[in-house]
Amino acid sequence: MDDARPERRAAAFELLDALERRLPFPGAARVGMTGAPGAGKSTLLDGLVRFLRARGETVGVIAVDPSSRRSGGALLGDRIRMGSRGADTGVFFRSMAARERLGGLADATRASAVVLAAAFDRVFVETVGVGQSESDVSSVADTLLYVAQPGAGDMLQFMKAGILELPDVFAVNKADLGAVAERTAAELGAGLGLSAPQDSGWTPPVLQVSARDAQGIDSLVEALDAHRRHLEEAGDLASRRRRAAEAWALESLEIRYGSFGLAAIGGREAVAARLRDDALESAFAVVRRIGAEIEEALRKS
Ligand SMILES: Nc1nc2c(ncn2[C@@H]2O[C@H](COP(=O)(O)OP(=O)(O)O)[C@@H](O)[C@H]2O)c(=O)[nH]1
Ligand SMILES: [Mg+2]
């Protein structure tokens, strides 16, 4: 998947296509995790993994780090490997770094998520909450968790930054800091109260947790599970995955072929419309098929 050579990529997409078509529905719970650097995402993931392993769940983790060389994700990997569960096959960790961005970090993220979804009960994708990486993660997650840093802002700032729009669950970490965490939770709650409700009728909860003291992890897992149940009961899980797959496919084609490539088969809007009309049994197959058309059109032009 990290390999940019076209024939390797085609072979990888063929395998991923076969795998994705055979995934049971709803299958593994896919949780995306975002938030500012230093909010404690990796520490919290470590706590979540411990909690879920103790409950008997298997967990796959992908840490996407588009920017830094030494990622918190790598730290988590170290912790997991160094811990008492060094030989635990019920947990898998992979960190994806900046160098993969050019080859399409979104491709690598989705590919890894699909593979892990075939093998584990739950998949987490951690990413830094800045720009593109956030949409990368929402294109693979059923449930998006936002981890907030206490003191990160007031209600208006959250609203202006667009932080309130995508996440399904908010966790204010470092609740051990006391009043400042309470205040941030209150600001987030107030902002959400003023925002338009989600299409599915879900109201995102705001929880307070302390990854350091392993406080509130159980309630957080309960909130993640409640969101997943809500999607299933409302019949929205399949349509959400579909929309996410469409968005991913469009982005994948755009990153690979550019607007010039998309223009060769009618432009971005035309491609988006085709994706909307496609059965989209496997997004990998569609990207391969449309990608081949673009290459053909570019050869002829
Ligand atoms: N006081 C306190 N510090 C925390 C907590 N969770 C994480 N930290 C610290 O916050 C810093 C950033 O944590 P990290 O997990 O790497 O954040 P990430 O960049 O969001 O992945 C580290 O120094 C952690 O030890 C917490 O619950 N309470
Ligand atoms: Mg981190």
Side-chain angles (χ1 to χ4, degrees), residues 31-53 59-83 91-101 105 108-109 112-113 116 122-138 140-141 143-153 158 161 163 166-186 188 205-224:
V31 180
M33 196 185 216
T34 178
K41 297 179 296 299
S42 299
T43 313
L44 186 56
L45 250 176
D46 187 64
L48 285 164
V49 168
R50 278 170 209 280
F51 179 87
L52 293 164
R53 289 301 295 134
V59 189
V61 177
I62 307 158
V64 182
D65 198 332
S67 51
S68 83
R69 265 153 290 160
R70 182 175 167 75
S71 72
L75 287 175
L76 171 70
D78 292 345
R79 269 184 233 139
I80 287 177
R81 276 187 287 274
M82 287 183 329
V91 57
F92 175 91
F93 175 86
R94 181 172 179 209
S95 179
M96 290 195 292
R99 65 173 183 83
E100 280 156 302
R101 184 147 197 104
L105 192 55
T109 303
S112 307
L116 293 184
R122 196 183 295 252
V123 177
F124 285 100
V125 181
E126 176 196 348
T127 188
V128 178
V130 280
Q132 191 54 56
S133 56
E134 210 152 11
S135 72
D136 288 350
V137 77
S138 65
V140 296
T143 300
L144 186 60
L145 166 65
Y146 184 87
V147 181
Q149 163 76 27
F158 289 131
I163 282 167
L166 286 178
D168 306 295
V169 176
F170 291 83
V172 178
N173 189 31
K174 312 189 187 182
D176 50 271
L177 298 180
V180 63
E182 304 248 347
R183 204 153 51 236
T184 299
L188 278 170
V206 180
L207 292 92
Q208 291 187 53
V209 301
S210 169
R212 190 195 71 181
D213 300 346
Q215 291 293 310
I217 308 276
D218 47 352
S219 309
L220 177 54
V221 169
E222 178 44 42
L224 297 174

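As the structure lists them, so they are numbered: ligands from 1, and atoms in each ligand from 1. None of the values given here were measured: they were computed from a predicted structure. Values below: all heavy atoms of this structure, side chains included; hydrogens, waters and symmetry mates excluded.
- Distance alone, capped at 3.5 Å, places no donor-acceptor pair between the Lys174 side chain and the Ala148 backbone.
- Looking at Ala39, Ser42, Ala181, it is Ser42 that brings a heavy atom closest to atom 16 (O) of ligand 1.
- At least one side-chain heavy atom of Leu52 sits under 4.5 Å from a side-chain heavy atom of Phe124.
- Of all atoms in ligand 1, listed by their number and element, those nearer than 4.0 Å to a heavy atom of Ser210 are 27 (O).
- Of all the heavy atoms of Thr43, the ones lying under 4.0 Å from any atom of ligand 1 are found in both the backbone and the side chain.
- Asp46 places a side-chain heavy atom less than 4.5 Å from the side chain of Arg50.
- Close N/O approach between Gly40 and ligand 1 is found [any backbone or side-chain N/O within under 3.5 Å].
- Across all non-hydrogen atoms, the minimal contact from Ile217 to Gly47 is CG2-O, 4.0 Å.
- With the Mg ion (ligand 2) at the apex, Ser42 OG and Glu126 OE2 define an angle of roughly 80° (rounded to 10 degrees).
- Only the backbone of Pro37 comes within 4.0 Å of ligand 1, judged by heavy-atom distances.
- Heavy-atom contacts of Ala36 reach the following atoms of ligand 1: 20 (O) (cutoff under 4.0 Å).
- Nearest heavy-atom pair, Phe158 versus Gly153, reported as atom, atom and distance to 0.1 Å: CE1-O, 3.4 Å.
- Contacts between Val209 and ligand 1, counted as non-hydrogen atom pairs separated by less than 4.0 Å, are absent for every part of the residue.
- Counting backbone and side-chain atoms alike, Thr43 contributes no N/O/S atom closer than 2.8 Å to the Mg ion (ligand 2).
- By the 3.5 Å distance cut-off applied to N or O atoms, Leu177 is not counted among the residues near ligand 1.
- In this structure, Asn173 contributes its side chain and Ala39 its backbone to a donor-acceptor pair below 3.5 Å.
- The shortest side-chain heavy-atom distance between Val147 and Met33 falls under the 4.5 Å cut-off.
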Evaluate side chain to side chain contact (heavy atoms under 4.5 Å, CB included) for Leu44 paired with Leu220, printing each intermediate quantity in order. CA-CA 10 Å; Leu44 186 56; Leu220 177 54; 3.9 Å; yes
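- Residue contacts with ligand 1 include Glu126, since one of its heavy atoms falls under 4.0 Å from the ligand.
- Near Lys41, with a cut-off below 4.0 Å to any heavy atom, the atoms of ligand 1 are 15 (O), 17 (O), 18 (P), 19 (O), 20 (O), 21 (O).
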